[in-house]
Amino acid sequence: MGFKPIPTLVALALALVIWFIPVPEGVSAQAWHLLALFVGIIAAIIGKAMPIGAVAVIAITLVALLGITVPEVDPETGKAIANPAGQAAKDALSSLNNSLIWMIGVAIMISRGLLKTGLGTRFGYMFTALWGKRTIGVAYSLVISDLVLAPVTPSNTARGGAIVHPVMRAIAAGFDSDPENGTEGRIGKYLALVNYHANIISCMLFITATAPNPLVVKLIAEATNSDISISWGTWFTAMVVPGLTAMILMPLILFWLYTPEIKQTPNATELAKEKLKEMGPMSRNEWIMLGIFGLLLVLWAGVPAMIFGKGAEVDATTTTFIGLSLLLLTGVLTWDDVLKEKSAWDTVVWFAALVMMATFLNKLGLIGWFSGLLGSSISGLGLNWVAGCGLLTLAYIYSHYMFASGTAHVTAMLGAFYAAGLALGAPPMLYALVLAASTSIMMSLTHYASGSSPVIYGSGYVTMTEWWKAGFIMSVIEIIIFATVGVMWWKVLGYW
């Protein structure tokens with residue numbers, strides 16, 4: 001059987017219940033039926049009824065088959081749609097033309113170069129060799145490693161779980177800190193938590209640091225008819241001050257919460273130096289990877305446009321294709337490497353399906369209706385926009401306890417919550433940045449909150465209770481940082 005029966009039945013039941021509920025006043029039947037399908041798909045993803053890519057293919061198929069995105073008459077001409085079945089198929093596949101989806105997919109392919117060449121691992125050991133004489137120094141080495149890799153590693157699972165985590169485990173093993181021996185408290189527990197939370201905070205800083213971020217950008221642009229268009233450079237500029245503040249404080253807070261038994265680690269620098277010696281000098285492919293890495297940062301940050309004017313600007317998606325093309329031309333990656341990067345192709349498929357459904361929920365007016373309902377409910381409480389948006393934001397963040405996918409959460413809730421905040425009177429750019437930051441903050445909460453959490457939690461250094469406690473405390477601290485440092489920084493930038 002290709003699906004899990006119980007989660008599948010739950011998802012199907014939810015979809016059918018919503019489908020056959022009388023359509024509320026102010027909502028079209030098409031929008032309501034698409035909502036039913038959407039809720040069923042999200043429930044299947046949360047319940048892991050099937051792999052997310054497989055669920056996405058079924059979603060695309062159902063949208064094409066049921067024709068729920070196609071109006072009875074063309075709204076522009078007032079005439080019947082000539083080929084409704086063909087139009088439904090085009091609608092179902094429409095998001096495969098979305099440049100942001102291809103940007104994230106190609107960037108995942110590029111990140112394979114970091115793994116293949118060993119450059120990512122080398123970064124980790126280099127920083128540990130420099131600052132690893134104390135446990136807190138080792139922690140900041142892991143932080144810097146994740147931060148350096150984040151702009152070109154949109155799979156935070158690959159970055160935190162496949163690149164930085166093995167380095168962290170090697171260091172912990174060097175101090176005989178092993179869950180199987182009951183010695184995780186020596187240093188491994190602390191470093192595992194730093195490993196994870198550095199991974200999550202890095203996601204805040206760059207659009208390309210995790211898959212949900214481009215979706216956030218797209219939904220915000222759609223909600224404002226592209227009046228609020230957040231570029232790679234704008235995102236980084238907005239997030240860098242509050243994000244780095246959180247990144248600097250995080251290892252200190254976790255050190256206080258879960259103080260490691262070992263606080264001096266002179267052996268860590270020796271271990272890192274030995275590993276670097278084993279790796280030898282940087283290879284040709286590592287140097288090429290490093291050069292391409294630097295080029296991507298320059299282009300994503302918009303440096304050519306700053307120097308030569310708007311005509312020299314390179315689109316962010318085009319930049320990722322430049323990077324991949326150079327890796328293929330130089331032989332750092334082969335086409336077989338690209339074909340084997342299953343997570344990239346998987347992301348393109350499920351991302352396209354979720355974006356497509358969210359887009360048509362907005363086009364059919366469902367998001368506008370729901371946000372109006374939500375906004376009027378909060379307005380009925382007599383709150384101003386600051387308090388109202390505060391409640392919306394807290395609900396958005398802590399509802400992530402019910403989600404195992406950041407992308408599913410963003411798809412299900414961000415558009416409606418953003419529209420509700422605007423209806424309350426929130427400055428559009430300010431609230432867009434609040435929800436963008438919240439999308440990463442919410443991933444700190446649980447051991448299933450993002451792709452990297454099961455990998456790091458699964459290594460056994462941290463119990464579930466410890467993980468959830470650290471996640472909740474860090475979420476509160478990050479909310480406070482963004483509500484103070486972040487809001488003041490955005491005021492300086494003129495975003496509200």
Side-chain angles (χ1 to χ4, degrees), residues 7 46-48 124 128 132 134-143 145-146 156-203 210 246-247 249-265 268 397-406 409 440-480:
I46 293 172
K48 298 183 178 179
T128 303
R134 295 175 181 271
T135 301
I136 197 74
V138 174
Y140 280 107
S141 298
L142 297 177
V143 165
S145 298
D146 200 286
N156 64 299
T157 305
R159 186 173 72 250
I163 299 176
V164 180
H165 189 56
V167 175
M168 173 254 134
R169 294 190 69 171
I171 294 169
F175 291 92
D176 190 29
S177 184
D178 190 335
E180 293 186 4
N181 299 330
T183 56
E184 64 275 8
R186 291 170 65 85
I187 191 172
K189 179 182 297 183
Y190 169 64
L191 293 183
L193 286 168
V194 170
N195 178 183
Y196 182 64
H197 287 279
N199 184 247
I200 296 308
I201 296 172
S202 290
C203 293
T210 189
M247 192 73 93
L249 292 176
M250 177 269 295
L252 301 174
I253 293 165
L254 292 177
F255 191 92
W256 173 70
L257 285 174
Y258 298 105
T259 307
E261 296 168 14
I262 297 173
K263 301 175 181 62
Q264 303 290 329
T265 56
I397 291 172
Y398 290 107
S399 60
H400 198 62
Y401 281 110
M402 298 183 293
F403 286 87
S405 164
H409 188 160
S440 292
I441 292 172
M442 70 191 186
M443 293 194 292
S444 67
L445 295 173
T446 67
H447 62 296
Y448 53 82
S450 78
S452 61
S453 52
V455 178
I456 300 170
Y457 172 77
S459 62
Y461 289 95
V462 187
T463 66
M464 187 186 300
T465 301
E466 291 167 337
W467 190 284
W468 281 46
K469 176 184 173 183
F472 179 76
I473 291 172
M474 284 307 306
S475 73
V476 171
I477 290 168
E478 287 160 10
I479 288 170
I480 293 171

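Just the heavy atoms: all of them, side chains too, but no hydrogens, waters or symmetry mates, feed the values below.
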Kindly compute the distance separating [atom1] ([X]) from [atom2] ([Y]), expressed to the nearest 0.5 Å.
| X | Y | atom1 | atom2 | answer |
| --- | --- | --- | --- | --- |
| Cys203 | Ile200 | SG | CD1 | 5.0 Å |
| Ile477 | Leu249 | CD1 | CG | 8.0 Å |
| Asn199 | Ile456 | CG | CD1 | 5.5 Å |
| Met474 | Ile479 | CE | CD1 | 11.0 Å |
| Ser453 | His197 | OG | NE2 | 10.0 Å |
| Thr135 | Ile187 | OG1 | CD1 | 4.0 Å |

If you take all heavy atoms of [X] and [Y], which pair is closest and at what distance?
| X | Y | result |
| --- | --- | --- |
| Met250 | Ile201 | CB-CD1, 3.9 Å |
| Tyr258 | Leu193 | CD1-CD1, 3.4 Å |
| Ala470 | Leu254 | CB-CD2, 4.1 Å |
| Tyr457 | Val462 | CE1-O, 3.4 Å |

[X] versus [Y]: any side-chain heavy-atom pair under 4.5 Å?
| X | Y | value |
| --- | --- | --- |
| Met247 | Ser202 | yes |
| Asp146 | Leu142 | no |
| Ile136 | Leu252 | yes |

Exercise: do Ser177 and Tyr461 side chains pair donor with acceptor under 3.5 Å: no

Which residue pairs pass the side chain to side chain donor-acceptor pair (under 3.5 Å) test when at least one of the two sits in residues 468-478, sequence neighbours left out? Tyr398-Ser475, His447-Trp468

Kindly state each residue pair satisfying side chain to side chain donor-acceptor pair (under 3.5 Å) with at least one member in residues 178-191, sequence neighbours excluded. Lys189-Glu466

Any sub-3.5 Å donor-acceptor pair from His400's side-chain atoms to Ala449's backbone N or O? yes

Taking side chain to side chain donor-acceptor pair (under 3.5 Å) as the definition, give me every residue that meets it alongside Ser444, ordered by chain and number, with sequence neighbours left out. none

Evaluate side chain to side chain contact (heavy atoms under 4.5 Å, CB included) for Asn195 paired with Leu191, printing each intermediate quantity in order. CA-CA 6 Å; Asn195 178 183; Leu191 293 183; over 6 Å; no

